[in-house]
Number of protein chains: 2
Amino acid sequence: MSDKSLILIADDEEDVRELVGMNLRRAGYDTVEAADGLQTLAQVRRRKPDAIVLDVMMPGRDGFGVCQELREDENTRHIPVIMLTAKGQTQDRIAGLERGADDYLSKPFSPKELVLRVQALLRRAATVVSGSELKEGPFEFDLSGVKLNLGGQPMDLTLLEFKLLHLLASRKGEVVERDFILREVWGYTEQVRTRTLDTHVKRLREKLGEHAEWLQTSRGFGYIFKEPSPVAVAV
Amino acid sequence: MSDKSLILIADDEEDVRELVGMNLRRAGYDTVEAADGLQTLAQVRRRKPDAIVLDVMMPGRDGFGVCQELREDENTRHIPVIMLTAKGQTQDRIAGLERGADDYLSKPFSPKELVLRVQALLRRAATVVSGSELKEGPFEFDLSGVKLNLGGQPMDLTLLEFKLLHLLASRKGEVVERDFILREVWGYTEQVRTRTLDTHVKRLREKLGEHAEWLQTSRGFGYIFKEPSPVAVAV
DNA sequence: GTCGGGGGTGACGATCTTGTCACACTCGGA
DNA sequence: TCCGAGTGTGACAAGATCGTCACCCCCGAC
């Protein structure tokens, strides 16, 4: 296995593939090519490229579909994608970014800029904390974006709520004492008697809706984040 | 090297060391012991334990000092520490947590609880994103706590400010386009013309003070986070 | 140097966030 | 069953946060 980064070039136009490929190889990368959506997906699985240059317009499955599919697979989710869009097609760029592209470049583009973008993307991918997420049941914490997805739906939490819930979730199954929570989230250095925590737990529970059951009270100690025990169903 | 977790037991009382050690070994851990602060530090460096049970009261260097020293060293910073404090000494617990202990346990304690806490701590350490931080120059982003340290001083940023700065910092050296920022931080899906971004950049710069130079304008495109070029000094 | 457009700045009001309180409720021990 | 401590809840007000605007300044093209 080479130690060079491998870039997959997915475009139905051979000219484009050659131009891009030549420049990337000159910049020190290995390249693979694909001419349509299905080939792209197949190559991704076979070669596991470090980044993908993906044309929007492709026969069969277009770039949007490919990108979306890549993002839905745990194994390919992390691969950075640069999407090539038609000139000035703002719609395309937006759609691309929404499907999970990491960058876009409008055709026609200068090969030099493409190389720069690929380099930037790889650098970023190397820096990015690979696991800046925490998943527990329907909860998905995005630490980098300070966002929470609950059952696939983005939740609108305040900073305090996010910190509180994340603290509890990161200690799933443990009783977290009130004092400790107040220290970690509020920064209180002394033991205080306050209803602030209760109030915020209540607000959190309201927002969490049906999933509020994950946030349980440990009377006399604190709170605990754990999978709700299944309810016995009467027959 | 064994695949068991190695626990360092630091206590000047031999009885305690034996009791704790026996229970931990029974729970499937390997153990090492240390009887004072200096031995503790030496053992940490030699054996690189996965967790430390650390008594507050120790001759020479006490638990607080040891803990603080561990936290200041890049190589030992991540090792979870459970501090053993005298009964009801709230002061000790607070001091311990402030020096960076991850948990505390009051003497006398039940061996069973200690084992449970060690297990919890190891589980947590395994889960915790090892690199949930981003450091660039004087900037230290704590993604888990959604906090920023600037030159060692904690900065009080709002959620928006944190997201904005972190986005730029995570793309250090790259021009990040206005549209992109608005998408990532504000979630705008369409191109809008707004001065919102400018205003927030201004607020950020105010808070960053002398370090505001890292946040540079790329006229016509967006903003860029990069090390300020050294100022030529007249002679 | 002039001009035009993009960016910086200060101010303002709408809204959100958050700590506190009073009161209701619940759990668990006596 | 009764009681008390601990917790849930709704309301409120202070303060923080945020988007917008008007105005000014500066950069860069010509």
Side-chain angles (χ1 to χ4, degrees), chain A residues 146-148 154-168 175-225 228-229, chain B residues 146-148 154-168 175-209 211-225 229:
Chain A
V146 195
K147 286 178 293 203
L148 171 69
M155 289 252 63
D156 197 24
L157 297 186
T158 72
L159 184 52
L160 258 176
E161 287 163 352
F162 184 87
K163 285 185 184 177
L164 173 55
L165 189 57
H166 177 257
L167 172 65
L168 292 170
V175 172
V176 187
E177 296 176 36
R178 294 179 68 99
D179 283 353
F180 187 81
I181 299 175
L182 287 170
R183 263 197 63 81
E184 291 291 310
V185 177
W186 276 266
Y188 287 175
T189 56
E190 10 181 353
Q191 285 195 42
V192 289
R193 211 187 131 65
T194 174
R195 311 304 313 284
T196 300
L197 174 53
D198 305 65
T199 303
H200 280 280
V201 167
K202 181 210 160 204
R203 287 172 183 156
L204 250 182
R205 284 175 170 154
E206 281 174 358
K207 289 194 181 179
L208 299 184
E210 56 177 330
H211 300 292
E213 299 168 46
W214 282 73
L215 230 179
Q216 298 170 29
T217 305
S218 174
R219 198 179 173 82
F221 298 96
Y223 294 91
I224 178 172
F225 181 93
S229 39
Chain B
V146 195
K147 286 179 294 204
L148 171 68
M155 288 253 65
D156 196 25
L157 297 186
T158 72
L159 184 52
L160 258 176
E161 287 163 352
F162 184 86
K163 285 185 184 176
L164 173 55
L165 189 56
H166 178 259
L167 172 64
L168 292 171
V175 172
V176 187
E177 296 176 36
R178 295 179 68 100
D179 283 353
F180 188 81
I181 299 175
L182 288 170
R183 265 195 61 82
E184 291 291 309
V185 178
W186 276 267
Y188 287 175
T189 57
E190 9 179 355
Q191 285 196 39
V192 289
R193 209 188 133 64
T194 174
R195 312 305 310 285
T196 300
L197 174 53
D198 305 66
T199 304
H200 281 279
V201 167
K202 181 210 160 205
R203 287 172 182 156
L204 251 181
R205 283 176 170 154
E206 280 174 0
K207 289 195 182 178
L208 298 185
H211 298 292
E213 298 168 48
W214 282 73
L215 229 178
Q216 298 170 30
T217 305
S218 174
R219 198 177 174 81
F221 298 97
Y223 294 91
I224 177 172
F225 181 93
S229 38

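By convention in this document, chain letters (A, B, ...) are assigned in the order of the sequence lines, proteins followed by strands, and residues within each chain are numbered from 1. Keep in mind that the numbers below use all heavy atoms, side chains included, and drop hydrogens, waters and symmetry copies. All figures in this text were calculated on a predicted structure; none of them were measured in a lab.
- Each of B/Gly222 and A/Glu161 was matched to the nucleotide of DNA chain C holding its nearest heavy atom; the match closer to the 5' end belongs to B/Gly222.
- Between A/Ile181 and A/Leu168 there is a side-chain heavy-atom pair separated by less than 4.5 Å.
- The separation between B/Arg219 atom CZ and D/dC25 atom C1' is 10 Å, rounded to whole Å.
- Summary of the strand contacts: B/Glu206 and A/Leu157 both lie near DNA chain C, and taking for each the nucleotide with the nearest heavy atom, the more 5' one is attributed to B/Glu206.
- Residues B/Phe225 and B/Val176 have side chains not in contact (no heavy-atom distance under 4.5 Å, counting atoms from C-beta outward).
- In this structure, A/Glu213 places its CD atom 15 Å from P of D/dG8, rounding to the nearest Å.
- Counting only heavy atoms from C-beta outward, the side chains of B/Leu164 and B/Tyr223 never approach each other to under 4.5 Å.
- The side chain of B/Thr158 lies closest to D/dC18, out of C/dG5, D/dG4, D/dC18.
- Between A/Thr217 and D/dG8 there is a side-chain polar atom (N or O) within less than 4.0 angstrom of OP1 or OP2.
- Put simply, CZ on A/Phe162 is 14 Å from P on C/dT18, counting in whole angstrom units.
- B/Arg178 has its CZ atom 11 Å from the C1' atom of C/dG8, to the nearest Å.
- At least one side-chain heavy atom of A/Arg178 sits less than 4.5 Å from a side-chain heavy atom of A/Asp198.
- Considering only side-chain N and O atoms, B/Trp186 lies under 4.0 angstrom from the phosphate OP1 or OP2 of D/dG19.
- Distance CD (B/Gln216) to P (D/dC27): 14 Å, rounded to an integer number of Å.
- If you measure from atom NZ of A/Lys207 to atom P of C/dC16, you get 10 Å, rounded to the nearest angstrom.
- Side-chain contact between B/Glu213 and B/Leu208 is absent, with no heavy-atom pair separated by less than 4.5 Å.
- Rounded to a whole Å, the CG atom of A/Leu182 is 10 Å from the P atom of C/dT20.
- Contact annotation: A/Tyr223 side-chain N/O to D/dG8 OP1/OP2 distance is under 4.0 Å.
- Counting heavy atoms from C-beta outward, B/Leu157 and B/Val146 have side chains that stay 4.5 Å or more apart.
- Listed here is the closest heavy atom pair of B/Arg205 and B/Leu215: NH2-O, 2.9 Å.
- The CG-C1' distance, from B/Leu215 to C/dT9, rounds to 16 Å in whole Å.
- Contacts between residues 193-205 of chain A and DNA chain D, defined by a heavy-atom separation below 4.0 Å, involve A/Arg195, A/Asp198, A/Lys202, A/Arg203, A/Arg205, listed by number.
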